Colleague: 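Got a structure for you, written out below as structure tokens; questions coming shortly.
Not measured: the values here are computed from a predicted model.
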Amino acid sequence: DVATVSITFDATPTTADAGADQNICGGSTTLDGNLPVVGIGSWTVVSNPDGLGTPVFPTQNNTEFIGTPGVTYELEWAISNGTCAASTDNVIIQFDEAPTVADAGPDRTVCGVTHTLEGNTPVVGSGLWTFLSNPDGQGDIGDPTFPDSNVDGTAGVTYVLQWTISNGICPISIDQVAITFAPTLPAPVIAGDAEACIGDIKTYVVPGGDPALYDYTWNLSNLPPSTNVIAGSGDPFQFITLEFNDPFTGDLEVTIEDKGTGCIGSTEAFNISVYQAPDIVLASSDADLIICNGEEVTFTATDNNGVATEYEFILNGSTVQTGPSNTYTTSALPDINSVVVIGLAGICPSNPSPPVVHTIIPLPAVYNMNGGGQYCEGGTGVLIGLSGSEPGVTYELYLDGNPTGNTLTPVGGSFDFGLQTAAGDYTIVATDVNTCSVPMNGVSTVGIDPIPAIYNVLGGGTTCEGGTGVGIL
């Protein structure tokens, strides 16, 4: 018998080349496997994360591959021929998704020098802030990757920023925004009187203010509710007129606002003190207001409102004392006199007090003392007298400053107190019916001379005529 054997020798398939890895923006691409010279090629998805990666014609080397944007696939290009070992090569296909459309937010005019940006949050891709215009170089982005990052700048400068969202090789999405930091508002300064009295009407103004550009808001919350606004209340007045009805110390405040930007500037506080005027009455230490000429008297001022801090005492239209003391003492009131006092609280004076007028009683006339001198011990003494006197005036003799009880009330003319034997300095005080007293002029001094000692006389006798005499001892 004869047997026939058929032997087929398969050629080694063409070496597979799946082409270069691809990074594509979108969801489809053309594969780039080599065309087999020997054998048949076939595409297989070896990594298909979402299960949607599909070669349209798996045996076609340059078939379209469809997948999902944002997903990376791995494919194998295998060339086989008969029983020969297949040749394989793998390729990575990365589909990038188009980034979220960038939105940098609206242009803004910002109060202050810090602003929170308003970029949209990327759903696909990542965002980045950059400056397109940074005129003074002072613009600063806190975190460029945050859509709501803070940006700092300079008042009065406009910055242009770009919000860029990118993803892989897909075209970037950009949007710009202009941020203007409003100019610094002028600090308001209040001009006016820092002190006032109850009942005063005062106007306070922001000098150089411009109501065409700015609104001015006055805050009276630190002032008593009884404070009346007379004029200029509310916006946009740069002045305010107030009537004060109660005492206080507090701050009047004003805030400036830019009409164009709505930006609010700083608040200026102006301290005001309003005083209640004192209500003064004046009293004398002499209840009946009748005093002797030269007598000391004290005036006491009382403030019924209890607010006075200074007192001005005025005698016959001329100031005689000013200061914190509410008393004035004098012994020099003239015959015609009128004393008033004005109290002061802060800058607020009281009305002059009702005047206090004293009747001044003249003192008795002053006469010269006479008499006195030395006398012998055991003698009758010496006279002490006065060169004149007034009817109705009592004169009392003093010895060494002490009353002797020796008084006389002559009807006029000179007189004496008789012989005085006690040694010492004698003075005389005159007192009239109003008890006004005055010392007389001079001092009379009485001195006592002692009697000489007694001795025996010796000697004597008879002598002859023509003789030398006798001795006497």
Colleague: Please report whether the ring centroid of Tyr204 lies less than 6.0 Å from that of Phe270.
Modeller: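 Ring centroids of Phe270 and Tyr204 are less than 6.0 Å from each other.
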
Colleague: Among Asn228, Ile230, Leu220, which residue satisfies the side chain to side chain contact (heavy atoms under 4.5 Å, CB included) criterion with Leu242?
Modeller: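 Only one option passes, and that is Leu220.
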
Colleague: Start with the C-alpha distance between Phe415 and Tyr395, add both sets of side-chain angles, then the distance that settles ring-ring contact (aromatic ring centres under 6.0 Å, His included), and finish with yes or no.
Modeller: CA-CA 10 Å; Phe415 70 94; Tyr395 299 87; 5.3 Å; yes

Colleague: In terms of the angle between their ring planes, are Phe244 and Phe248 parallel, tilted or perpendicular, with boundaries placed at 30° and 60°?
Modeller: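 Ring orientation, 0 to 90° scale: tilted.
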
Colleague: Is it true that a side-chain atom of Asn337 and a backbone atom of His358 form a donor plus acceptor pair closer than 3.5 Å?
Modeller: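 Indeed, once roles are kept as given, a pair shorter than 3.5 Å links the two residues.
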
Colleague: Which pairs with one or both residues in residues 120-214 pass disulfide bond (SG atoms under 2.5 Å apart), sequence neighbours excluded?
Modeller: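 Matches after skipping sequence neighbours: Cys25-Cys170, Cys197-Cys348.
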
Colleague: Tell me which one of Asp96, Thr100, Val101 satisfies side chain to side chain contact (heavy atoms under 4.5 Å, CB included) with Val124.
Modeller: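 Result for side chain to side chain contact (heavy atoms under 4.5 Å, CB included) with Val124: Thr100.
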
Colleague: Between the side chains of Trp129 and Asp143, is a donor N or O closer than 3.5 angstrom to an acceptor N or O?
Modeller: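 Short answer, no.
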
Colleague: Distance check, rounded to the nearest 0.5 Å: Leu397 atom CG versus Leu399 atom CG?
Modeller: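 Going from the CG atom of Leu397 to the CG atom of Leu399 covers 7.5 Å.
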
Colleague: If I take atom CG from residue Asn271 and atom CG from residue Leu252, how far apart are they, to the nearest 0.5 angstrom?
Modeller: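 It comes to 10.0 Å.
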
Colleague: Do you see a donor-acceptor pair shorter than 3.5 Å between the side chains of Glu257 and Tyr214?
Modeller: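 The answer is no; no qualifying pair exists.
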
Colleague: In terms of relative ring orientation, are Phe181 and Tyr159 parallel, tilted or perpendicular, with 30° and 60° separating the classes?
Modeller: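 Ring orientation of Phe181 relative to Tyr159: perpendicular.
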
